[in-house]
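Structure, as structure tokens:
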Amino acid sequence: ESGEKLQVEIGGETFEAGKELVDIRITGKEGFAVSMENGLFTILDCTLTPELIGEGYAREIISKVQQLRKQNDFEMMDNINIYLNADDEIKAAVEKHKDYICSETLAKAVISKDGLDEFDINGHKTGIAVERI
């Protein structure tokens, strides 16, 4: 990598190998992403923990609520209620991140309700509606 020449002996003959004859590949073990630039390595742990998955669900809920706000022509500063019909996994994520979801969407409450239009939240059918208050 640094441009040095290597002496390699094969079958009694000595060969010189330079950078142009060497294929250098950097790969990380499973669950990690690796990159190298200017001699510096960056290693990223890509393991999805239950906490990260739950946070991802919360972010997807926020995204869908913001889309619904826009579709309903709500003003940027309008306070809302969020109505939700979800499975246990999504409900748990919403409950854990409720303050974050409410602060990002200006929601005053997240209320359980049946009969809502359903959306796909990372593979989970989830009913979501918004109401301006």
Side-chain angles (χ1 to χ4, degrees):
E1 182 76 19
S2 66
E4 297 176 25
K5 303 279 184 183
L6 295 174
Q7 300 291 324
V8 180
E9 188 175 319
I10 301 174
E13 288 188 55
T14 302
F15 297 94
E16 190 173 87
K19 184 177 178 180
E20 67 281 353
L21 297 177
V22 179
D23 183 17
I24 300 172
R25 297 177 190 198
I26 300 168
T27 59
K29 65 182 184 178
E30 188 174 328
F32 291 86
V34 179
S35 179
M36 186 180 94
E37 189 172 320
N38 298 326
L40 297 175
F41 285 93
T42 303
I43 302 171
L44 181 62
D45 182 352
C46 299
T47 306
L48 291 177
T49 64
E51 293 80 17
L52 287 173
I53 292 168
E55 187 176 328
Y57 292 149
R59 290 178 184 272
E60 288 296 320
I61 294 288
I62 290 168
S63 175
K64 183 50 65 182
V65 167
Q66 298 295 41
Q67 289 173 19
L68 290 171
R69 286 177 61 95
K70 186 174 182 176
Q71 289 172 6
N72 286 302
D73 293 325
F74 292 174
E75 296 295 325
M76 187 181 352
M77 298 308 291
D78 285 343
N79 288 313
I80 62 169
N81 284 327
I82 298 171
Y83 294 99
L84 187 72
N85 182 14
D87 63 22
D88 291 340
E89 195 170 353
I90 298 294
K91 281 181 186 175
V94 168
E95 187 58 37
K96 182 172 184 174
H97 300 283
K98 186 176 179 180
D99 291 341
Y100 174 62
I101 292 168
C102 288
S103 71
E104 290 294 308
T105 61
L106 299 179
K108 294 297 182 187
V110 178
I111 303 162
S112 291
K113 185 177 181 180
D114 292 330
L116 303 172
D117 288 340
E118 287 189 338
F119 302 94
D120 184 333
I121 303 296
N122 291 352
H124 296 264
K125 292 292 182 194
T126 306
I128 306 173
V130 295
E131 171 189 51
R132 182 178 9 214
I133 55 174

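The chain is numbered in sequence order, starting from 1.
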How long is the gap from CD1 on I121 to OH on Y57, to the nearest 0.5 Å?
-> 10.0 Å
Please name the pair of heavy atoms, one in G54 and one in A93, separated by the smallest distance, quoted to 0.1 Å.
-> O-CB, 3.5 Å
Determine whether F15 and I10 make a side-chain contact, defined as any pair of heavy atoms from C-beta on separated by less than 4.5 Å.
-> yes
Partner residues of A58 under the side-chain contact (heavy atoms from CB on, under 4.5 Å) criterion, sequence neighbours left out = H97, I101
Go through the structure and list residues passing side-chain hydrogen bond (donor to acceptor under 3.5 Å, both in side chains) with S103, not counting sequence neighbours.
-> none
Least distance between heavy atoms, C102 atom then V110 atom | SG-CG2, 4.1 Å
Tell me, please, which residues at least two apart from E16 pass side-chain hydrogen bond (donor to acceptor under 3.5 Å, both in side chains).
-> Q7
Could I get the full list of side-chain contact (heavy atoms from CB on, under 4.5 Å) partners for A109, not counting sequence neighbours?
-> N81, I111
With the 4.5 Å side-chain cut-off for hydrophobic clustering, are L106 and I62 part of the same group?
-> no
Qualifying salt bridge (Lys or Arg N to Asp or Glu O under 4.0 Å) pairs with a residue from residues 29-45, counting only residues at least two apart or across chains = none
4.5 Å side-chain heavy-atom contact, V65 and E104 = no
What pairs with K125 under side-chain contact (heavy atoms from CB on, under 4.5 Å), at least two apart in sequence or on another chain?
-> E118
Does one side chain, of K64 or Q67, offer a donor that lies under 3.5 Å from an acceptor on the other?
-> yes
Does the side chain of L68 reach to within under 4.5 Å of the side chain of F74, using non-hydrogen atoms?
-> no
For L40, side-chain contact (heavy atoms from CB on, under 4.5 Å) partners two or more places apart = none
When hydrophobic residues are tied together by side-chain contacts of less than 4.5 Å, even through go-betweens, does I43 share a cluster with L52?
-> no
Got a sec, which pairs hit salt bridge (Lys or Arg N to Asp or Glu O under 4.0 Å) with one end in residues 82-100, sequence neighbours left out?
-> none
List for me each residue that meets side-chain hydrogen bond (donor to acceptor under 3.5 Å, both in side chains) alongside E55, sequence neighbours excluded, and say none if there are none.
-> R59
All side-chain hydrogen bond (donor to acceptor under 3.5 Å, both in side chains) counterparts of T49, not counting sequence neighbours = E51
Which donor-acceptor pairs under 3.5 Å do side chains of residues 126-133 form with protein atoms, sequence neighbours excluded?
unit_1	atom_1	unit_2	atom_2	d
T126	OG1	H124	O	3.1
E131	OE1	Y83	OH	2.7
R132	NH1	D78	OD2	2.8

Taking the side chain as every heavy atom from C-beta outward, state whether K108 and I80 have any pair of such atoms under 4.5 Å apart.
-> no
Could I get the full list of salt bridge (charged side-chain N to carboxylate O under 4.0 Å, His left out) partners for K5, not counting sequence neighbours?
-> E20
Same hydrophobic cluster for I90 and L48, using side-chain heavy-atom links shorter than 4.5 Å among ILVMFWY?
-> yes
Would a hydrophobic clustering, with Ile, Leu, Val, Met, Phe, Trp and Tyr connected at side-chain separations under 4.5 Å, put I61 with L116?
-> no
Where V34 and F41 come nearest, the two heavy atoms and their spacing = CG1-CD2, 4.1 Å
Non-hydrogen atoms of I82 and A107 that approach each other most closely = CD1-CB, 3.6 Å
Note, F32 side chain near L44 side chain (heavy atom, < 4.5 Å) = no
Give, for atom CG of D114 and atom CG of L84, the distance between the pair rounded to the nearest 0.5 Å.
-> 10.5 Å
